[in-house]
Amino acid sequence: MSRQKVILITGANGEVGHGLIEKLSQQTPRPRIVTLDIRNIAPAMQPLVERHIVGDILDTILLSTLINEYDIEAIYHLAALLSTHSEFNPEAAHRVNVQGTINLLHLAAEEGRLRGKPVRFLYPSSIAAYGVPTLEAKAAAHPATETDFPYPTTMYGCNKLYCEHLGRYYTFHYQQLSAAPSVGVDFRCVRFPGLISATTVPSGGTSDYGPEMLHAAAQGKPYACFVREDTTIPFMAMPDAVKSLLLLAEAPAEKLTQRVYNVTSFSLSAADFAQRVKQAFPDAHISFKPDKARQGIVDTWPADIDDSAARKDWGWSPDYDIERAFNEYLIPTIRQRYQNA
Ligand code: SER
């Protein structure tokens, strides 16, 4: 029985998953995509995927049966519980975010052994992996490189930082053990800033105030922003997030000088974000009601991050700077989305 060559996407029904499925399915030749999520896949995604499996990344029996059926050439492991969500049940978040990732890394290693070449493993890490100690340090800091401030304050951030290390471990462990050094896992990770999609609304994240503000304004709903006006973090439009994952997946191995790369586009304060939203939707009613816990989280995230290594090593640059992101992607697409609805 021959195994079918596929790309596996976990957490495929999330925001990044939708964008990734759309882009991958536009490639020629069109790859076969198998998706795994604890929820059903959105109807719009269904025709684009070979098979959707409703299942849990903690189900190791389910994962091991995938190897029997599929020749998995790449894994995009997107499944995770986000930062705010994880604080309500940190141990459950640890199981999903860490044990789930080990399960997928093990699957990749097994698959690499069968294929005789490493499986590309694309992993989204996060600005939550940082922990800037004080607001003074945040204000004084230069754009943070990948190695700055490695003291995350949330369970999600700890999980992401640790899984970055696990990915490196799985890559080098097999390179050292194997007589054929190419067998094993080829782990590649991008650290995302806050992501903003025009077509989906996030849930359970702490950078969600940006997208929530926009989507509320477009629906004519009032919005109480859960962070202070001066709160500044980097953001990126969803098409650029997908672009970065695909670019890194395609980068020649010899170009990579590290396994974890920052990517970003623009930084702005919550007040500036609200201002841009009000320019587009003059009736928008946006107030500021900081939530102590969520404010505490974003206060430890750097105001800007340095993505020069990604630019140098694999030619990264975002297509959407702040003007294009708002004027050509977010505002028109969101407006259309709710007009149609
Ligand atoms: N957007 C994510 C969150 O807020 C960060 O990766 O949890």
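Both ligands and their constituent atoms are indexed starting at 1 by order of listing.
- Heavy atoms of S207 come nearer than 4.0 angstrom to ligand 1 in at least one pair.
- Between F192 and ligand 1 there is no heavy-atom distance shorter than 4.0 Å.
- When hydrophobic clusters are built by joining Ile, Leu, Val, Met, Phe, Trp and Tyr residues whose side-chain heavy atoms come closer than 4.5 Å, directly or via intermediates, F121 is not grouped with L20.
- Of all atoms in ligand 1, numbered sequentially from 1 with element shown, those under 4.0 Å from a heavy atom of S83 are 3 (C), 4 (O), 7 (O).
- Both tests hold for R335 against F281: distance to the six-membered ring centre under 6.0 Å, angle to the ring axis within 45°.
- Ring geometry for Y169 versus H173: interplanar angle under 30°, hence parallel rather than tilted (30 to 60°).
- Ring geometry for F326 versus F273: interplanar angle over 60°, hence perpendicular rather than tilted (30 to 60°).
- With respect to atom 4 (O) of ligand 1, the closest heavy atom belonging to the protein is T206 N, 2.5 Å.
- Residue Y261 is tested with F192, W316, W314 for a ring-ring contact (aromatic ring centres under 6.0 Å, His included); the sole match is W314.
- Between Y320 and Y329, the ring-plane angle classifies as tilted under the 30° and 60° cut-offs.
- Against a heavy-atom cut-off of under 4.0 Å, S126 is close to the following atoms of ligand 1: 5 (C), 6 (O).
- Residue-to-ligand polar distances keep T84 apart from ligand 1: every N/O pair is separated by 3.5 Å or more.
- Close to ligand 1: W301, with a non-hydrogen atom less than 4.0 angstrom away.
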